[in-house]
Each structure stands twice: as C-alpha cells, then as structure tokens.
Visitor: 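Sharing a structure with you now.
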Amino acid sequence: MPSTAIQLANHSSLHNDVINAEESDVINAEETDVIKVGEDEPPALKVARTRVDNEALKFGIDDVPPPALTLLLAFQQYLTMFGSTLVLPFILAGPLCISGGNQLALSKLLGTIFFVSGISTFIQSTLGVRLPMVQGGSVAFLAPTYAILSQHQFACPAGYHNQTLQTNDQLWQRNMREVQGAILVASLFQILTGVTGIVGFILRFIGPLSICPTVTLVGLSSFSAATAFSQDNWPIAIL
C-alpha cells in the first residue's frame, strides 16, 4: 500500500507538471503571436492608425494646403502684419515732433519700416532660422523711445505744428538720430548676449513675475497714442 500511494503521488505530480508546462507554452505562444502581429502589421494599417491619431490636425508641419486656401491664409497674415507694422510710424510721429502738415515725413517713416521689414523677412526666411513669419517692427522699443524723447533737449517746441517743412524736418530728424543711435547700441548688446550664451544663464533667474510686468509696462506706454487715435470714433475703435 505505501508503495502504491507513492506511485500515485508521483503520477499526480508528473501530471501537474505536464499541465503547467502546457499552459506555459500556450501563454508564450500567445505572447509570441501578439508580438508577431505587431511586428508584421501591414503598412496600410499603420498609416490608417496615424491618420486616426492626427484626425484633429488639418495640416501637419510639412503639409502644403491647397492653392486657394494658401492664398486666403497668406492674405490673412498680410492684414495682420500690415496693421501692426503700419501703426508704429503713426505712434512715433507725435514724440518725434512731426507736424500734422508734414505728410512727407510720415510717408518716409512708413516707407522705411516696410522696406526694412521686407529685407529682414527675406534674410530671416532664407539665411536665418526660416520661421514662417514676417519680421515687422517691435513694440518693445516704444517705452525706451518715449523715455528718450521725453527729455528736455528733445521735447517738441511750442508751435512746432506751424513750422515750415524744412524746419520741421530738421527737428524730427534730429530726434530720429538719437533714437536710432540708442537702438544700435541696444542691438549690439543683444548680439553679445546671444553669442556668448549669457541669455541662457539669465533666464534661470527670470520668471513670469519678471516678464509680465515688463510686457504690461510696454502696453501701458501706448495707451495715450491709442486713446488719441480712438477718440475720433469710439464705436469703430471698439470693433
């Protein structure tokens, strides 16, 4: 009897080992099949899955919209950049002491900013980082420009609106030279910080609490000009 019991126990143990081995083989086979299915996935199915994942995107980075839509989006970008570029000469005309009758001086500012904007955009899109944008005027220089032109030696004299065009040209061109010189020096400092990599170190200590007040001050410096342009027709300005 004892030997029979031992034989039965050994047989039961062997049977369980066979069952466990078969289950393990089935699991391994299933895992292998899953892996093979993933590896042998048809390219068309992969493309279909990619299209489902990108269904929310109309166009990717390397996609080209249809010609009609491209022209429409280009015209929209033109209107956006045209307004932001056009407004800067009108804002600076007052601080530069350009008289209301000196339309030639205002046209020179408009022509200059559009010409330089076109050259900058061409260089940026061909030799630079080639970002899909237009290099327009920067409102960041408005606050320092106001600070420079608010000094006593650059203040507009009384009655400058009644000056002759020649006298008024000498006045606003003198102020423009002062602003241009300051911008050139500031640009050299920006180039220096970019080439040396100091800007990366400085950004560690500059957070939202530093950037937000700066941007707010730049916007506040334009309130007087915006009010002067809007007071003629507030409904249109609000729209």
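Because the structure is predicted, anything quoted here is derived from the model rather than measured.
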Visitor: Between T70 (side chain only) and P65 (backbone N and O only), is there a donor and an acceptor less than 3.5 Å apart?
Guide: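 Yes, the answer is positive, given that a donor and an acceptor are paired below the 3.5 Å cut-off.
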Visitor: Quick one: pull up CD1 in I148 and CZ in F141 and give me the separation to the nearest 0.5 Å.
Guide: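 Going from CD1 on I148 over to CZ on F141, the span is 10.5 Å.
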Visitor: Determine whether V179 and W172 fall in the same hydrophobic cluster, where Ile, Leu, Val, Met, Phe, Trp and Tyr are linked whenever their side-chain heavy atoms lie under 4.5 Å apart.
Guide: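 Yes; tracing contacts between hydrophobic side chains, which count when under 4.5 Å, links both residues.
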Visitor: Please tell me if the side chains of L104 and N102 come closer than 4.5 Å, counting only heavy atoms from C-beta onward.
Guide: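 The answer is yes; the side chains approach within 4.5 Å.
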Visitor: Under 3.5 Å, which donor-acceptor pairs link side chains of residues 77-86 to any protein atom two or more places apart or in another chain?
Guide:
{"residue": "T80", "atom": "OG1", "partner": "Q76", "partner atom": "O", "Å": "3.0"}
{"residue": "S84", "atom": "OG", "partner": "T80", "partner atom": "O", "Å": "3.4"}
{"residue": "S84", "atom": "OG", "partner": "M81", "partner atom": "O", "Å": "3.1"}
{"residue": "T85", "atom": "OG1", "partner": "M81", "partner atom": "O", "Å": "2.8"}

Visitor: In this structure, would F154 and I183 fall into the same cluster of hydrophobic residues linked by side-chain contacts under 4.5 Å?
Guide: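 In one cluster: yes.
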Visitor: What's the spacing between T145 OG1 and Q180 CD if we round to 0.5 Å?
Guide: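 It comes to 10.5 Å.
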Visitor: Run the side-chain contact (heavy atoms from CB on, under 4.5 Å) test on I91 and L142 for me, step by step, so that the C-alpha distance in whole Å, both residues' side-chain angles and the decisive distance to 0.1 Å come before the verdict.
Guide: CA-CA 9 Å; I91 293 177; L142 287 180; 4.3 Å; yes
Visitor: Kindly write out the residues that satisfy side-chain hydrogen bond (donor to acceptor under 3.5 Å, both in side chains) with T167, not counting sequence neighbours, or none if the list is empty.
Guide: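 For T167 the side-chain hydrogen bond (donor to acceptor under 3.5 Å, both in side chains) partners, ignoring immediate neighbours, are T164.
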Visitor: Taking atom CG of L209 as the centre, does the number of heavy atoms from other residues, nucleotides or ligands within less than 6.0 Å exceed 12?
Guide: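 For L209, atom CG is not crowded (no more than 12 foreign heavy atoms under 6.0 Å).
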Visitor: Quick one, M176 and L92 - any side-chain contact, counting heavy atoms below 4.5 Å?
Guide: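 No. Closest side-chain heavy atoms not under 4.5 Å.
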Visitor: Please examine the side chains of L106 and F90, heavy atoms only from C-beta on, and report whether any two atoms are closer than 4.5 Å.
Guide: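 In short, these two side chains touch, coming nearer than 4.5 Å.
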Visitor: Does L171 reach the side chain of P157, with side-chain heavy atoms less than 4.5 Å apart?
Guide: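 Yes. Closest side-chain heavy atoms under 4.5 Å.
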Visitor: Taking all non-hydrogen atoms of both residues into account, name the closest pair between C156 and G94 and its distance.
Guide: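 Heavy-atom minimum between the residues: SG-O, 3.7 Å.
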Visitor: In the single-linkage hydrophobic clustering (I, L, V, M, F, W, Y; side-chain heavy atoms under 4.5 Å), do V199 and F189 co-cluster?
Guide: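 No, because V199 and F189 fall into different hydrophobic clusters, even though each may have its own neighbours under 4.5 Å.
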Visitor: Hey, could you give me the CZ/CG distance between R174 and D169, rounded to the nearest 0.5 Å?
Guide: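 Answer for the CZ-CG pair, R174 versus D169, is 13.0 Å.
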Visitor: Calculate, to the nearest 0.5 Å, the distance between atoms CD1 and CG belonging to I113 and L88 respectively.
Guide: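 Rounded to the nearest 0.5 Å, the CD1-CG separation comes out at 4.5 Å.
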Visitor: Mind listing the closest non-hydrogen atom pair of N175 and L96 along with its distance?
Guide: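 Looks like ND2-O, 3.4 Å.
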Visitor: Test of understanding: clusters of I, L, V, M, F, W, Y form through side-chain heavy atoms closer than 4.5 Å, transitively. Do I206 and I198 belong to the same one?
Guide: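 Yes, one cluster joins them.
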Visitor: Taking atom CD of Q166 as the centre, does the number of heavy atoms from other residues, nucleotides or ligands within less than 6.0 Å exceed 12?
Guide: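 No.
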Visitor: Is N168 reaching over with its side chain to a backbone N or O of C97, donor-acceptor style, under 3.5 angstrom?
Guide: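 Yes; at least one donor-acceptor contact below 3.5 Å.
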Visitor: Test: side chain to side chain donor-acceptor pair (under 3.5 Å). Region: residues 104-128. Which pairs qualify, not counting sequence neighbours?
Guide: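 Counting only pairs at least two positions apart or across chains, no side chain to side chain donor-acceptor pair (under 3.5 Å) contact touches residues 104-128.
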Visitor: Enter the distance from F201:CZ to T196:OG1 here, rounded to the nearest 0.5 Å.
Guide: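 F201 CZ to T196 OG1: 11.5 Å, rounded to 0.5 Å.
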Visitor: Measure the CD-OH distance between Q151 and Y146 for me, rounded to the nearest 0.5 Å.
Guide: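 One gets 15.5 Å once the value is rounded to the nearest 0.5 Å.
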